[in-house]
Chemist: 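Structure in structure tokens, see below.
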Amino acid sequence: MVVNVVVLDYGSGNLRSAERALARAGATVTVTADADAALAADGLVVPGVGAFSACMDGLRAVRGDQIIGRRLAGGRPVLGICVGMQILFAEGVEHGERAEGCGEWPGVVERLDAPVLPHMGWNTVQAPEGSVLFAGLDPATRFYFVHSYGVRKWELEAGPGFTPPLVTWAEHGVPFVAAVENGPLSATQFHPEKSGDAGATLLKNWLGTL
């Protein structure tokens with residue numbers, strides 16, 4: 001079955017790299033800011049590079065925050081990548097300035113406490129049991145990261161009748177959230193579109209959920 005995926009164009013992100021990687025993984029891909037297309041697609045990919053606040057400004061300019069919220073309310077899959085993952089959290093702090101995020105998850109995106117920044121290059125991750133995104137991948141598999149900020153504390157607590165999200169961690173100076181699987185909402189801090197065969201497998205796994 002062919003699935004239709006929209007890569008949301010809001011002025012940020014490696015749009016063409018994401019488009020090519022998703023197409024190689026088997027999807028029919030459209031890069032657009034059109035809200036109707038983004039709402040109707042089988043899957044929505046939200047990329048992102050640069051500053052948290054600038055990405056949020058661009059996202060709001062195309063009503064991307066509303067599109068994400070409406071899709072999730074209807075159980076429609078969304079995948080955030082890099083800063084496209086970070087903006088799903090409640091807020092980001094850069095240079096002492098706080099910016100409000102989409103608030104799909106509680107938590108703060110903040111500067112990593114590491115001797116060398118940005119965290120640029122290949123790193124392993126610790127995926128939890130039952131992960132769909134990382135199914136079939138060896139625990140020693142490396143993914144490509146480029147970032148100086150991340151979520152260092154997961155703040156969404158489990159409760160009665162609530163299935164907690166699956167959280168994948170990585171480490172650069174300190175542990176940080178590398179991926180989240182939360183029903184229709186998934187996200188990766190690393191770039192699957194730049195992670196070779198491992199990234200291709202992850203994208204195919206995600207497409208298999210659509």
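Being a predicted model, the structure only gives us computed values, none of them experimental.
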Chemist: Indicate yes or no: at least one non-hydrogen side-chain atom of Pro77 is less than 4.5 angstrom from one of Leu44.
Modeler: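 Side-chain contact under 4.5 Å: no.
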
Chemist: Return the CG to SG distance between Leu59 and Cys102, rounded to the nearest 0.5 Å.
Modeler: 5.0 Å

Chemist: For the atom pair CG (Asp34) and CG (Leu39), what is the distance rounded to the nearest 0.5 Å?
Modeler: 9.0 Å

Chemist: Return the set of residues passing side chain to side chain contact (heavy atoms under 4.5 Å, CB included) with Asp57 (not counting sequence neighbours), or none when no residue passes.
Modeler: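 Testing Asp57 for side chain to side chain contact (heavy atoms under 4.5 Å, CB included), a comparison that skips the adjacent residues, returns Arg60.
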
Chemist: Give a yes or no on this: more than 12 heavy atoms of other residues, nucleotides or ligands lie within 6.0 Å of atom CZ of Arg63.
Modeler: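 No, the 6.0 Å shell around CZ holds no more than 12 heavy atoms from other groups.
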
Chemist: Not counting sequence neighbours, list each pair that qualifies as a salt bridge (charged side-chain N to carboxylate O under 4.0 Å, His left out) and has a residue in residues 90-100.
Modeler: Glu91-Arg98

Chemist: Quick check on side chain to side chain contact (heavy atoms under 4.5 Å, CB included): which of Val78, Leu22, Leu8 does Val45 satisfy it with?
Modeler: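 Single side chain to side chain contact (heavy atoms under 4.5 Å, CB included) partner of Val45 among Val78, Leu22, Leu8: Leu22.
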
Chemist: Can you give me the closest heavy-atom contact between Ala33 and Val62, atom names plus distance?
Modeler: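 It is CB-CG1, 4.0 Å.
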
Chemist: Can you list the residues that meet the side chain to side chain contact (heavy atoms under 4.5 Å, CB included) rule with Ala135, with sequence neighbours excluded?
Modeler: Asn205

Chemist: To the nearest 0.5 Å, how far apart are CD1 in Ile67 and CZ in Arg76?
Modeler: 12.5 Å

Chemist: So, for Phe143 and Phe134, is the gap between ring centers shorter than 6.0 Å?
Modeler: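 They qualify: ring centres under 6.0 Å apart.
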
Chemist: Nearest 0.5 Å, what's the OG-NE2 distance between Ser148 and His172?
Modeler: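 Those atoms lie 8.0 Å apart.
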
Chemist: Could you identify which residues cluster with Met120, counting Ile, Leu, Val, Met, Phe, Trp and Tyr as linked when any side-chain heavy atoms lie under 4.5 Å apart, either directly or through a chain of such contacts?
Modeler: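 Grouped by the 4.5 Å side-chain rule, Trp122, Tyr144, Val146 form the rest of the cluster around Met120.
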
Chemist: Does the Arg142 side chain pair with the main chain of Ala198, one donor and one acceptor, at a distance under 3.5 Å?
Modeler: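 Side chain of Arg142 to backbone of Ala198: no pair is present.
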
Chemist: Measure across Ser12 and Gly48 and return the closest heavy-atom pair with its distance rounded to 0.1 Å.
Modeler: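 The pair with the smallest heavy-atom distance is OG-CA, 3.5 Å.
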
Chemist: For Arg152 and Val108, indicate whether the former's side chain and the latter's backbone hold a donor-acceptor pair under 3.5 Å.
Modeler: no

Chemist: Under a single-linkage definition using a 4.5 Å side-chain heavy-atom cutoff for Ile, Leu, Val, Met, Phe, Trp and Tyr, are Leu137 and Leu203 assigned to the same hydrophobic cluster?
Modeler: yes

Chemist: Name all residues meeting the side chain to side chain donor-acceptor pair (under 3.5 Å) criterion together with Asn123; count only those two or more places apart in sequence or in a different chain, and write none if there are none.
Modeler: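 In terms of side chain to side chain donor-acceptor pair (under 3.5 Å), with neighbours along the sequence ignored, Asn123 is linked to His119.
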
Chemist: When you group the ILVMFWY residues by side-chain heavy-atom contacts below 4.5 Å and let the links chain together, are Leu166 and Met85 in the same group?
Modeler: no

Chemist: Check side chain to side chain contact (heavy atoms under 4.5 Å, CB included) between Val31 and all other residues, then give those that pass, not counting sequence neighbours.
Modeler: Val7, Asp9, Leu15, Arg16, Glu19

Chemist: Going by the rule side chain to side chain donor-acceptor pair (under 3.5 Å), which residues pair with Arg70 if we only count those two or more places apart in sequence or in a different chain?
Modeler: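 For Arg70 there are no side chain to side chain donor-acceptor pair (under 3.5 Å) partners, ignoring immediate neighbours.
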
Chemist: Give, for atom CD1 of Ile87 and atom CG of Asp65, the distance between the pair rounded to the nearest 0.5 Å.
Modeler: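 Between Ile87 CD1 and Asp65 CG, I get 8.5 Å after rounding to 0.5 Å.
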
Chemist: Nearest 0.5 Å, please: how far is OG1 in Thr28 from CG in Asp42?
Modeler: 9.0 Å

Chemist: Considering all heavy atoms of both residues, which atom of Leu117 and which atom of Leu112 are nearest to each other, and what is their separation?
Modeler: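 That would be CD1-O, 3.4 Å.
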
Chemist: Is it the case that one hydrophobic cluster holds both Val49 and Tyr149, taking links as side-chain heavy atoms less than 4.5 Å apart, direct or via other members?
Modeler: no

Chemist: Tabulate below the donor-acceptor pairs under 3.5 Å that side-chain atoms of residues 173-191 make, not counting sequence neighbours, or state none.
Modeler:
unit_1, atom_1, unit_2, atom_2, d
Glu181, OE1, Val132, N, 2.9
Glu181, OE1, Leu133, N, 3.1
Glu181, OE2, Ser131, OG, 2.6
Asn182, OD1, Trp105, NE1, 2.7
Thr188, OG1, Phe190, O, 2.9
Gln189, OE1, Gln86, NE2, 3.0
His191, ND1, Glu193, OE2, 2.8

Chemist: A side-chain contact here means heavy atoms from C-beta on lying under 4.5 Å apart; do Val5 and Leu210 qualify?
Modeler: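 Yes, their side chains come closer than 4.5 Å.
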
Chemist: Compare every heavy atom of Val125 with every heavy atom of Ala170, then report the nearest pair and how far apart it is.
Modeler: CB-CG1, 4.2 Å

Chemist: Under a 4.5 Å cut-off applied to non-hydrogen side-chain atoms, are Phe145 and Pro118 in contact?
Modeler: no

Chemist: Quick one: side chain to side chain contact (heavy atoms under 4.5 Å, CB included) partners of Thr30, sequence neighbours excluded?
Modeler: Val6, Thr32

Chemist: When you measure from the side chain of Trp154 to the backbone of Leu156, do you find a donor-acceptor pair of N or O atoms at a distance under 3.5 Å?
Modeler: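 Side chain of Trp154 to backbone of Leu156: a pair is present.
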
Chemist: Could you give all pairs that pass the salt bridge (charged side-chain N to carboxylate O under 4.0 Å, His left out) test and reach residues 194-210, with sequence neighbours left out?
Modeler: none

